[in-house]
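Since the model is a prediction, treat every value here as computed from it, not as a measurement. Chain A is the first sequence line, chain B the second, and so forth, proteins listed ahead of strands; every chain is numbered from 1.
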2 protein chains.
Amino acid sequence: MSSKKPKKVNIKYIAKIAGVSPSTVSRALRDDPNANKETKKRILKIAEELDYYPNLLAKGLRSKRTKTIGVILNDLKNPLYYDTIKAIEDKLNEVDYTMILCDSNYSQEMERKNIITMLSKGVDGVILSPVNAKSENIKIIIENNLKAVCIDAVPNYKNINYVYVNHEIASFVATEYLIKNKHQHILLLNGPYQLSSSKAFLKGYLKALKKYSIKPNRALIKYIDLSIESGCEFFKKIYQDRKIVGNINFTSILCLSDLLAIGIYKASHELGFSIPNNYSVIGYDNIFATEYLSPPLTTVHAPKIRVGKYSVDILLEQIEGKDTEFKKIDLEPRLVERGSVKKIS
Amino acid sequence: MSSKKPKKVNIKYIAKIAGVSPSTVSRALRDDPNANKETKKRILKIAEELDYYPNLLAKGLRSKRTKTIGVILNDLKNPLYYDTIKAIEDKLNEVDYTMILCDSNYSQEMERKNIITMLSKGVDGVILSPVNAKSENIKIIIENNLKAVCIDAVPNYKNINYVYVNHEIASFVATEYLIKNKHQHILLLNGPYQLSSSKAFLKGYLKALKKYSIKPNRALIKYIDLSIESGCEFFKKIYQDRKIVGNINFTSILCLSDLLAIGIYKASHELGFSIPNNYSVIGYDNIFATEYLSPPLTTVHAPKIRVGKYSVDILLEQIEGKDTEFKKIDLEPRLVERGSVKKIS
DNA sequence: TTCCTTTCTGGTAACGTTGCCAATAATAAC
DNA sequence: GTTATTATTGGCAACGTTACCAGAAAGGAA
């Protein structure tokens, strides 16, 4: 132990100390079966004493595996993702993987950049909430053989996994619930037009209307940004300027996101309206705190934790090569009755 | 262009196509000033056509810079962190950095593991919300020369940056506010005992009591886990079994976290108590949705976005080597008056 | 004894990039 | 015209690890 500790302890140095070759040290550290048990123990002890930690860049470069997965989301601001992120982290932690987290801000350009970054960083896989289901970006993933799971949208490509919370069912269930409670005029507050979730949500809404032979009214279908502020602004404008929704009356509002519903709560508060007396509100996602609102928000629960868990499960299976089949998982959202819908039977 | 595209386009291959050396390609791609403008343009075009993306593992290994920073949090479940995470992401995105996100779950062991992982992955710096201010783990950071910014706690070491939301001031301000509104008996719902934030919070609370010559009562100081459930359970138990708080009466509750406050809202709802009529509640953090609760939660706002922004600023400055001085930033929280405290003047 | 496994180890090269230095060509200076 | 300077390039080695192969040592079977 005469040679002094270098700036950075590496395998070579451990090898010198232990009097063996770097290969042997590498094998010992990796717990390779082709390594003597005693040697392993001895080397592990030395490594420990020297506060050795591996250089995962080198390891990844050589072995083509990084034990890292990328998580590319559309909108980090949306609390919707919190549970999913947490669930992903938990699962990954169990198997000693780490996560690189990115936000695409609903921009295809950003999403593309993020995917390329993941490729560059050599992640073993990605979990992606795509901006658009038909996105060219998904093609990049496929072409580069990057293991991936889409969440939040059913991608327009066969060769890709997804875990999808069925938005169509969500809006169908919600709309039907409203109709059954004697709401015929339902204002649909949808997300931005180009979003695939908006499209799916509209579909379910129309389907439910059709089932009950209610003629949809274009004036009652609105596309706005997914944020509390946006929902609030929009709703206040309706009352400042009746023209926006024309002279149509509605008795209830269905929102693509709980954020929009909260926006309506806020606007209502400022305008002096009362929910559900003046109109009913129903949200989607069942994000944090909606149950503590006043009135507690009736919403459609999206199983966000399961989305995270399943995504990781699928990804890991594919990374380990245990299963090469593409997984397509459809999760059903379920209505959570609370207090924001006036019930008439 | 006779040689066909390899599985993975790399610098060597581009060099072959362009008829130059790898060094030249590398320089061109890095926009090195020691490279001819025309050559650069030509090479960039070829790289583009070949859908080249760099191998950042190799780049990082060689250059000792990864344009990645680690974010190690204590409790991903707490919505408190999401504004910070978002702010970090935004800032990093501007400068083409990425973030590795980890959760330590209040465990020193996990935190240690996470720090080692960051070291192993060669991140350029970390943002850390330490489990404990005196943590040995921070020593690991210092010893390994890892650039770091602590958030959420003032570390017990000089050679480290921090951006701190002053918990002591937070609880002082809140306590004073309660006292001024004629609350003498304040139940302090603190976080786990060993948490440094709990200690600071207690300090501010005691300081305020002292200022107004109110004798603190040990029975009114409670340490519980930071979650809605924990707060709710605890509070329900108080009424199921009076022994827990003895026979002391309190007229108000100060919580280390809005989560605990929400827990009390929940318990109160179930028990049939009304806030602020039966007791006042004041929270801390001003997390998402607290303003929409009923009654809107009076709380102490923590500037979470600024914490994220400043942390990244500091970190980047240190990484770029522009500034080697250690930065110690103290941010003042401010009271947000809403409706959960009964006002008596 | 010889030969064949099995167990373990060491050596070499490679992953894809960049730092460094030497070499060349082009230009400017004298 | 010679020399100094600048601009640009190529070659080599290295970052720290592991894949792969060859070979030594040990043990077992014949």
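- For A/Ile11, the listed nucleotide lying nearest its side chain is D/dT18; candidates were D/dG16, D/dT18, C/dG16.
- A close approach under 4.0 Å does not occur between any side-chain nitrogen or oxygen of A/Asn34 and OP1 or OP2 of C/dC8.
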Would you please test B/Lys77 and B/Asp103 for salt bridge (charged side-chain N to carboxylate O under 4.0 Å, His left out) and show each step?
CA-CA 9 Å; B/Lys77 267 200 308 273; B/Asp103 187 2; over 6 Å; no
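- When the side-chain nitrogen and oxygen atoms of B/Thr39 are compared with OP1 and OP2 of D/dT8, none of them lie within a distance under 4.0 Å.
- Within 4.0 Å (heavy atoms only), B/Leu61 reaches at least one base atom of the nucleic acid.
- The OG1 atom of A/Thr84 sits 8.0 Å away from atom CD1 of A/Ile305, with the distance rounded to the nearest 0.5 Å.
- Under 3.5 Å, the side chain of B/Ser21 and the base of D/dG11 form no donor-acceptor pair of N or O atoms.
- No side-chain donor from either of B/Ser120 and A/Lys59 sits under 3.5 Å from a side-chain acceptor of the other.
- Counting non-hydrogen atoms of neighbouring residues, nucleotides and ligands closer than 6.0 angstrom, the NZ atom of B/Lys327 exceeds 12 such neighbours.
- Counting non-hydrogen atoms of neighbouring residues, nucleotides and ligands closer than 6.0 angstrom, the NZ atom of A/Lys40 exceeds 12 such neighbours.
- Sequence order on DNA chain C of the closest nucleotides to B/Asn55 and B/Arg27 puts B/Asn55 first from the 5' end.
- Here A/Ser26 reaches the OP1 or OP2 of D/dT18: one of its side-chain N or O atoms lies under 4.0 Å away.
- Within the 4.0 Å cut-off from OP1 or OP2 of D/dT17, not a single side-chain nitrogen or oxygen of A/Tyr13 is found.
- Comparing A/Ala35 and B/Val25 along DNA chain C, the residue whose closest nucleotide (by nearest heavy atom) sits nearer the 5' end is A/Ala35.
- Within 3.5 Å, no donor on the side chain of B/Thr24 pairs with an acceptor on the base of D/dG10, nor the reverse.
- When the side-chain nitrogen and oxygen atoms of B/Lys12 are compared with OP1 and OP2 of C/dA14, none of them lie within a distance under 4.0 Å.
- Heavy atoms of A/Arg30 sit under 4.0 angstrom from primed sugar atoms or phosphate atoms, though from no base atom.
- Neither OP1 nor OP2 of D/dC15 sits under 4.0 Å from any side-chain N or O of B/Lys59.
- B/Arg62 contributes no side-chain N or O that forms a donor-acceptor pair with the base of C/dT17 under 3.5 Å.
- For A/Leu57 and D/dT18, the CG to C1' distance is 15 Å, given to the nearest whole Å.
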